[in-house]
J.: 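Please see the structure below; I have some questions.
Here is the naming used below: chain letters follow the sequence lines, and residue numbers restart at 1 for every chain. Every heavy atom of this structure was used, including side-chain atoms; hydrogens, water molecules and symmetry mates were not.
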Protein chains: 2
Amino acid sequence: MNATTPSAGGRTPAATVDGVVTRSAGREIPEATVARLPVYLRALHAMLERGISTCSSEELAVAAGVNSAKLRKDLSYLGSYGTRGVGYDVDYLRYQIAREIGVTQDWPVIIVGIGNLGHALANYSGFRSRGFRVVALLDADPALSEKVVAGLPVRPFAELDAIVAEQSVAIGVIATPAEAAQSVADEMVGAGITSILNFAPSVIAVPEGVDVRKVDLSIELQILAYHEQRKTPSVSEPEQGASA
Amino acid sequence: MNATTPSAGGRTPAATVDGVVTRSAGREIPEATVARLPVYLRALHAMLERGISTCSSEELAVAAGVNSAKLRKDLSYLGSYGTRGVGYDVDYLRYQIAREIGVTQDWPVIIVGIGNLGHALANYSGFRSRGFRVVALLDADPALSEKVVAGLPVRPFAELDAIVAEQSVAIGVIATPAEAAQSVADEMVGAGITSILNFAPSVIAVPEGVDVRKVDLSIELQILAYHEQRKTPSVSEPEQGASA
DNA sequence: TAGATTGTTAATCGATTAACAATC
DNA sequence: TAGATTGTTAATCGATTAACAATC
């Protein structure tokens, strides 16, 4: 039980991911499952577009790239939305997952750092259809403050507080250089943002109650390199490869 | 669009990573550890830049955002590179991790799909210093085939085979729309590429022996949204937040 | 020696998977 | 009823963590 006054800069309870937080139902969905729900959602969308109205756990599992036991186990945390002997109604399951994730309505999002990557993110068309709406672009560089990117004016970083308050922004995206990331995160948290997607290649520290997810291009590549190195034996180190 | 015959789920789990593949040493490093090694590497780099030549597991753990028990456990898979009572030599440990990951030399990488995102990736300066070198940019759109992006000419997709063979490319990055991803992946595999970093929002199927990692912006945001939804109770759904 | 910190053990926790009873 | 497929159980596997003996 927490009587959180849902107010500005609201440092939500603690634990966040753990328990503690008031949950609508007592359902405790494992992190690994949470991370896969969006994948199922996307697969269901694709099925709907292809006019498929019913599917089995096996079919959905294949479309999502997992095995069907895992899929059924994952869905079981949400409830019983299938029919034994028949399968799942695609549109119904899609709605239930969207509701569970919380993307039945759009979340307002801001992007800070409008360099090459910020530019690409601002133009990414997938946000809108996936439950997000980019409401503002911010950059510390005054030279950018005139430009319009993806239909939105680039605004000075100083306007952060006002924008967050005005638009009730809870999610912020950091696309700045590594050096700026921590201070941008601090400002975001100060303004009331409680979820951050960090594209800058640095670890940022945030108070409890704030969630951070990190996307790091070179880390992903390095993980691939590790396995690649072990695939092609022989030859010194890299520089080898696909002698087809 | 990819009603693909499921030859394999995404990611290519076990098989590739497990046994089968010839490994230089018998060391079996857990996936979770492999995914963290690049983070340690980055933290060590940052320390070196700040002139720090020695660190304890506690200090490195803090810099990497993990706890020190996990860090020491992770490092123990590589060997014993620390000194009890003293700590780690930053430069020595950095080298050992880089060697383990396989980034003591540069891996040639190609990027397919030079839209907004491909553009941003091509310009990402972090690749070079992290063990990768972008050797070619490809796009199916002939209109782009004149342009130069990040100092490299955009080449027609048809040149894929030649480029991969010529430059011994083992790693490819897909930055195309979702619809094109599967066929691009097929062509990459055909050309001899065995590791793919996929930015397109779709699950791609690849044969065994090929590794795929996926970076999906809206999936990351949806995971944040899920937790965000549970943070601020009250109020309908989204659109809530920092009502100052 | 005394203090510090690693590398490792063992207990715990969480995630995956196969198998199958429930049931449409 | 017979066939199909879910939802759940239980076994297994892998990852995390605290604690501490080894040792600098």
J.: Using whole Å, report how far CG of A:Leu71 lies from P of C:dA15.
T.: 16 Å
J.: Is any NZ, NE, NH1 or NH2 atom of the basic residue among B:Arg36 and B:Glu31 found under 4.0 Å from an Asp or Glu carboxylate oxygen of the other?
T.: no
J.: Is there a side-chain contact between B:Ile219 and B:Ile223, using heavy atoms and a 4.5 Å cut-off?
T.: yes
J.: Heavy-atom nearest nucleotide on DNA chain C for A:Gly85 versus A:Thr33: which residue maps closer to 5'?
T.: A:Thr33
J.: Tell me if the aromatic rings of B:Tyr88 and B:Tyr81 count as close, with their centers under 6.0 Å from one another.
T.: no
J.: Whole angstrom is fine here: how far is it from OH in B:Tyr77 over to P in C:dG7?
T.: 14 Å
J.: Round to a whole Å and report the spacing from CG of A:Asp89 to C1' of D:dT6.
T.: 15 Å
J.: Who does C:dC13 pair with, Watson-Crick or G-U, both distances under 3.5 Å?
T.: D:dG14
J.: Does C:dT6 have its OP1 or OP2 closer than 4.0 Å to a side-chain nitrogen or oxygen of B:Thr83?
T.: no
J.: B:Ser57 or B:Lys73: which one's nearest nucleotide on DNA chain C is closer to the 5' end?
T.: B:Ser57
J.: Going by purine N1 to pyrimidine N3 plus the second Watson-Crick contact, or the G-U wobble pair, all under 3.5 Å, which nucleotide sits opposite C:dC20?
T.: D:dG7
J.: Flag the pair B:Asp89 and B:Arg94 as a salt bridge only when some basic side-chain nitrogen lies within less than 4.0 angstrom of an acidic carboxylate oxygen.
T.: no
J.: Using only modelled atom types and a 3.5 angstrom limit, is any donor from either the side chain of B:Arg84 or the base of C:dT6 paired with an acceptor on the other?
T.: yes
J.: Side chain of B:Arg72: nearest nucleotide among C:dG7, C:dT17, D:dT6?
T.: C:dG7
J.: Given atom CG of B:Leu93 and atom C1' of C:dT5, what is their separation to the nearest angstrom?
T.: 14 Å
J.: Distance check: side-chain N/O of B:Tyr88 vs OP1/OP2 of C:dG7, anything under 4.0 Å?
T.: yes
J.: Can you tell me how far P of C:dA18 sits from CD of A:Glu58, to the nearest Å?
T.: 11 Å
J.: Look at all strands and tell whether B:Ala69 reaches a base, only sugar-phosphate, or nothing, counting heavy atoms closer than 4.0 Å.
T.: base
J.: Could you check whether B:Phe127 and B:Tyr124 have their ring centres less than 6.0 Å apart?
T.: yes
J.: Provide, to the nearest angstrom, the distance between the CG atom belonging to A:Leu75 and the C1' atom belonging to D:dT5.
T.: 13 Å
J.: Atom CG of A:Asn67 to atom P of C:dA19: distance rounded to whole Å?
T.: 12 Å
J.: Please give, in whole Å, the distance from D:dA18 P to B:Asp74 CG?
T.: 15 Å
